[in-house]
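Structure, as structure tokens:
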Amino acid sequence: MSAPVSGKVYRGFTAATMVAGNGPYGLVSDAALAVQDGLIAWAGPAPDLPQAYLDWPRQDLGGALVTPALIDCHTHLVFGGDRSNEFAMRLGGASYEEIARSGGGIMSTVAATRAASDDELLQSALRRVDDLMADGVAVIEVKSGYGLTIEHEMRMLRIARKIERHRPVRICTSWLAAHALPPEYTGAADRYIDEVAIAGMEQAHAAGLVDAVDGFCEGIGFNRAQIARLFVKATALGIPVKLHAEQLSDLKGAVLAAEFGALSADHLEYLAEEDVPRLAEAGLVAVMLPGAYYALRETQLPPIEAMRVNGVAMAVATDCNPGSSPLSSLRLAMNMACTLFRLTPEEALAGTTRNAAAALGRSDDCGTIEPGKRADLAVWNVPHPDFLSYWIGGNLLRARIGDGEYHER
Ligand code: DI6
Ligand code: FE
């Protein structure tokens, strides 16, 4: 008698494996997948399923399309309050920077976040997580950046981590104390970097709360020298870095990120074409955030074709936040990446799977359907993977597979 099997085989589906170099979407029609202990044990064409898996329990997926679970690699989804008033102000002609400089913008969310209870922050974050999950998302990066004191920044990351106890998603946390200068430090940005961004990073890292360190390199954020000081310390602690760069102006933040071997540089609308090869050499991921481009009615496009030609990996994320990107649909971000930034639907899906995993330093465990990766998958009611970027709205997700287990949505 053979030993009882803890694994399971899925059959009767088309797989968009998203494995690079395996044709469009790494497509396998009539695919099979063996999962065990939450991991993918085998994946490939059903006729090739090895003998060893033939007597495992099996489930037929009725011809569905299966992709890796989607990954939202850039969000600010823990926050208090909302900024619908600023939406109206911007429509009336005020710019994002003008609103920020007059004390609104990020600072108004800082006030609302500091005032909210832990439970209020968690419950509102869970609503946005539920939205993302409806689009097949199972890995979410969440940044701090609305606390701007050591205690409040650490609280944001603790709440972000708590999401994992309430929903079947994996959370990656980024320390973004260098997001905006709080009024307590007006005129003392360098001191803020030392006393809060760096000192707090050390504490939060010691508390095990930091997967990556991020910053906002911008006229209304922090300059290159300030970000560099933060990154030197992060690197010394062995923490990967990433950067909001070239969102509103070209401060050469992405080049700085490349010099530090960053995981990603994010936004990049104002990235100069001549700097693109530096990103390619450094192997960092360019994270496209078309929700912010759309919501701010930006007209400057990121240098997509130059990135494509130079082989820079592109990811796509929501940037879910109450100001510049009030967006909790990753599929809509994919649609915008295609319609506004001219990504192909295949690039958009690579941007929310394989390249999003790379932007989080998690290529070893998610982002493609391959043996050894987590068996976290999205099962779709669509005829072709192009459909995921093409169709706007609707409930396209049939089910999710988490740790190898099938769950009707
Ligand atoms: N860039 C963004 O798009 C978000 N943060 C950042 O540095 C916006 C944050 C906000 O407006 O609340
Ligand atoms: Fe952002």
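For ligands, and for the atoms within them, numbers begin at 1 and follow the listed sequence. What you see below is based on every heavy atom in this structure, not just the backbone, and it leaves out hydrogens, waters and symmetry mates. All figures in this text were calculated on a predicted structure; none of them were measured in a lab. We're numbering straight along the sequence, starting at 1.
- Regarding atom 1 (N) of ligand 1, its nearest protein heavy-atom neighbour is Gln247 OE1, 2.9 Å.
- The distance from the Fe ion (ligand 2) to the nearest N/O/S atom of His244 is under 2.8 Å.
- Surrounding NZ of Lys252 are more than 12 heavy atoms belonging to other residues, nucleotides or ligands, all under 6.0 Å away.
- A donor and an acceptor atom, one from each side chain of His244 and His179, are nowhere located under 3.5 Å apart.
- Ligand 1 places these atoms under 4.0 Å from at least one heavy atom of Arg83: 10 (C), 11 (O), 12 (O).
- At the shortest separation from atom 2 (C) of ligand 1 among protein heavy atoms lies Ser324 OG, 3.4 Å.
- Cation-pi geometry between Arg128 and Phe79 is met: the NZ or CZ atom falls under 6.0 Å from the ring centre, inside 45° of the normal.
- Residue-to-ligand polar distances keep Thr109 apart from ligand 1: every N/O pair is separated by 3.5 Å or more.
- At a 4.0 Å heavy-atom cut-off, ligand 1 does not touch Leu289 at all.
- Closest protein heavy atom to atom 5 (N) of ligand 1: His179 NE2, 2.8 Å.
- Counting protein heavy atoms only, atom 9 (C) of ligand 1 is closest to Tyr146 OH, 3.2 Å.
- Contact analysis puts His267 in contact with ligand 1, with a non-hydrogen atom separation below 4.0 angstrom.
- For residue Asp266, no N/O/S atom approaches the Fe ion (ligand 2) to within less than 2.8 Å.
- A salt bridge links Asp403 to Arg170: at least one charged side-chain nitrogen sits closer than 4.0 Å to a carboxylate oxygen.
- With salt bridges taken as basic N to acidic carboxylate O contacts below 4.0 Å, none links Asp118 and Arg158.
- Of the N and O atoms on the side chains of Tyr270 and Glu298, at least one donor lies less than 3.5 Å from an acceptor on the other residue.
- By the 4.0 Å N-to-carboxylate-O rule, Arg161 lies close enough to Asp211 to be salt-bridged with it.
- A salt bridge links Arg278 and Glu259; the closest N-O separation between the charged side-chain nitrogens and carboxylate oxygens is under 4.0 Å.
- Atoms of ligand 1 found under 4.0 Å from any heavy atom of His76 (numbered from 1 in listed order, with element): 4 (C), 5 (N).
- Summary of contacts: the protein heavy atom closest to atom 11 (O) of ligand 1 is Tyr96 OH, 2.5 Å.
- The atom of His74 that is an N, O or S and sits closest to the Fe ion (ligand 2) is NE2.
- Remark: the Lys242 side chain and the Ser264 side chain contain an N/O donor-acceptor pair separated by less than 3.5 Å.
- Atoms OD1 of Asp319 and NE2 of His76, as seen from the Fe ion (ligand 2), are separated by an angle of 90°, to the nearest 10°.
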